[in-house]
Amino acid sequence: MDTHVSAEMGIRSRQRLCLPFAFVYLFVVSLETHLTIAVDSISPVQSLSGSQTITSQGGNFELGFFTPGTSRNYYIGIWYKKISEQTVVWVANRETPLLDTSSELKISEDGNLVLVQQSNIAVWSTNSASGTRDSTVAKLLDNGNLILRDASNSSVIIWQSFDHPTHIWLPGGWFGLNKITGERQVLTSWRNSEDPAPGPYSLEIDPGGSSEHFLMRDRSIRYWGSGEWNGRIFSGIPEMRLYYIYNFSFIDDDKAKYFTYSVYDPEIITQHEIDESGQIKQRTWLESSKRTLGKSSNVHWANQATYIDG
Ligand SMILES: *[C@@H]1O[C@H](CO)[C@@H](O)[C@H](O)[C@H]1NC(C)=O
Ligand SMILES: *[C@@H]1O[C@H](CO)[C@@H](O)[C@H](O)[C@H]1NC(C)=O
């Protein structure tokens, strides 16, 4: 009995002794993780894995692994760094979830940005570059656009996430048709709040239309149209006149035709989303300055508008 008790006490005191070391160890490890990738770029000598992230220069957006809701699947995504509610704006491997974070996001030997598993199998790739390993770098911009560019000439952009939006259209992003490559931007809903794989609803500009407007589809069936663009608003969305915070424009030149928008007040955090129920939502992040005893009140996404009633 006595020996048992003293043995247990021995273990306890050893545990107590170890604790400060554990803290120091954890501190050093987390310091190291944050020091390794405290930048906005992924280069051939700097890949990303585990809990590492990169942050855009002004601190608006962050890129790394995330798990949606209570899902156990991991995805590479981009989310707002400055707001408290995790809000993912773009997903790389939306159809190929990973079971852990042992994969690596890196520049491959052919210059593409790839997500590879330990076995070096590519789960996702930008699939665009034809350069060599030393010639590209991926950079997360402060507007949420992830670009893959030539390392020696920053004006040569090989691939960018704004050309491949998932479910969200951010200010500064575009939405339309590349006349040279034939590539179109199509926003597609998530399957549900825990599965970013493409759901049934999609939004695109009318590919065959003579006038400019948006089309919403449920699988392939059209179920909503925005009406024609009159230079300021769509005829089918008269409410647009009320939303003074956005500056929409339609660009049509020899390379592309697309819609884009900016926000008059660049401090406003806002987005357009195709949600899982097939609605187009304009959402704005509201952060009231009022605080109630240690916890900030009224911090949430507010729906500015829903284009399609459901
Ligand atoms: C960078 O690329 C652009 C576009 O291809 C080209 O016009 C420019 O001359 C290049 N600059 C250098 C320094 O090579
Ligand atoms: C609205 O956007 C267009 C196109 O980007 C730009 O030329 C124009 O100056 C903007 N208007 C205002 C008031 O910011």
Side-chain angles (χ1 to χ4, degrees), residues 40-44 56-58 60-61 89-90 107 110-113 126-165 168-185 187 203-206 211-214 226-273 280 282-285 304-305 307:
D40 60 1
S41 300
I42 296 171
S43 71
S56 64
Q57 207 161 30
N60 285 346
F61 289 94
V89 298
W90 183 79
I107 302 290
D110 66 2
N112 278 300
L113 181 66
T126 52
N127 240 335
S128 297
S130 52
T132 56
R133 187 178 159 79
D134 296 326
S135 68
T136 59
V137 59
K139 184 176 164 125
L140 180 60
L141 305 182
D142 230 13
N143 60 2
N145 193 8
L146 175 67
I147 61 169
L148 180 70
R149 64 169 179 80
D150 193 314
S152 52
N153 184 341
S154 61
S155 62
V156 180
I157 293 172
I158 296 153
W159 177 95
Q160 51 193 326
S161 63
F162 274 9
D163 275 339
H164 308 272
I168 293 213
W169 182 26
L170 288 172
W174 46 87
F175 200 93
L177 168 76
N178 182 322
K179 291 179 183 171
I180 296 161
T181 62
E183 206 166 59
R184 275 183 291 137
Q185 282 76 50
L187 291 190
L203 180 73
E204 60 192 302
I205 67 165
D206 187 357
S211 60
E212 316 320 326
H213 63 279
F214 282 119
S226 63
E228 279 176 39
W229 175 249
N230 74 4
R232 275 189 60 240
I233 65 162
F234 292 103
S235 59
I237 318 174
E239 306 95 308
M240 269 179 92
R241 229 177 275 120
L242 306 173
Y243 310 135
Y244 51 85
I245 68 167
Y246 303 112
N247 176 13
F248 287 96
S249 35
F250 179 70
I251 315 287
D252 190 357
D253 57 29
D254 42 340
K255 289 187 193 132
K257 62 174 184 179
Y258 57 91
F259 288 98
T260 185
Y261 72 106
S262 56
V263 185
Y264 292 120
D265 176 357
E267 294 296 309
I268 294 179
I269 295 176
T270 186
Q271 53 167 238
H272 285 74
E273 176 187 16
I280 306 170
Q282 290 181 328
R283 305 203 302 164
T284 299
W285 181 250
Q304 194 93 359
Y307 284 171

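Numbers for residues simply follow the sequence, beginning at 1. Atoms within a ligand are numbered from 1 in the order they appear, just like the ligands themselves. The figures here come from the full heavy-atom set of this structure, side chains too, leaving out hydrogens, waters and symmetry mates. Note that the structure is predicted; figures quoted are calculated from it, not measured.
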Identity and distance of the protein heavy atom lying nearest [atom]:
{"atom": "atom 5 (O) of ligand 1", "result": "V156 CG2, 3.9 Å"}
{"atom": "atom 4 (C) of ligand 2", "result": "S249 OG, 3.5 Å"}
{"atom": "atom 12 (C) of ligand 1", "result": "N153 ND2, 3.3 Å"}

Measure the spacing between [atom1] of [X] and [atom2] of [Y] and express it to the nearest 0.5 Å.
{"X": "S128", "Y": "D163", "atom1": "OG", "atom2": "CG", "answer": "9.0 Å"}
{"X": "Y258", "Y": "F162", "atom1": "OH", "atom2": "CZ", "answer": "12.5 Å"}
{"X": "W159", "Y": "T136", "atom1": "CH2", "atom2": "OG1", "answer": "12.0 Å"}

Hey, is atom 14 (O) of ligand 1 under 4.0 Å from any protein heavy atom?
->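 Under 4.0 Å from atom 14 (O) of ligand 1, at least one protein heavy atom found.
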Can you confirm whether something in the protein, heavy atoms only, sits under 4.0 Å from atom 9 (O) of ligand 1?
->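 Protein heavy atom within 4.0 Å of atom 9 (O) of ligand 1: absent.
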Is Y246 close to T270 at the side-chain level, that is, under 4.5 Å between some pair of heavy atoms?
->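 Answer yes - side chains close enough.
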Should you measure from each heavy atom of Y264, which atoms of ligand 2 turn up under 4.0 Å away?
->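 Ligand 2 atoms under the 4.0 Å threshold to Y264: 12 (C), 13 (C), 14 (O).
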Which of the atoms of ligand 2 are close to N247, meaning less than 4.0 Å from one of its heavy atoms?
->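 Once the distances to N247 are compared, the set is 1 (C), 2 (O), 3 (C), 8 (C), 10 (C), 11 (N), 12 (C), 14 (O).
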Is the H272-Y261 ring centre distance short of 6.0 angstrom?
->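 Ring centroids of H272 and Y261 are less than 6.0 Å from each other.
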Under 4.0 Å from any heavy atom of S155, which atoms of ligand 1 are there?
->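 Ligand 1 atoms under the 4.0 Å threshold to S155: 1 (C), 2 (O), 3 (C).
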Neighbour count above 12 (heavy atom, 6.0 Å) for E228 CD |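 No, the 6.0 Å shell around CD holds no more than 12 heavy atoms from other groups.
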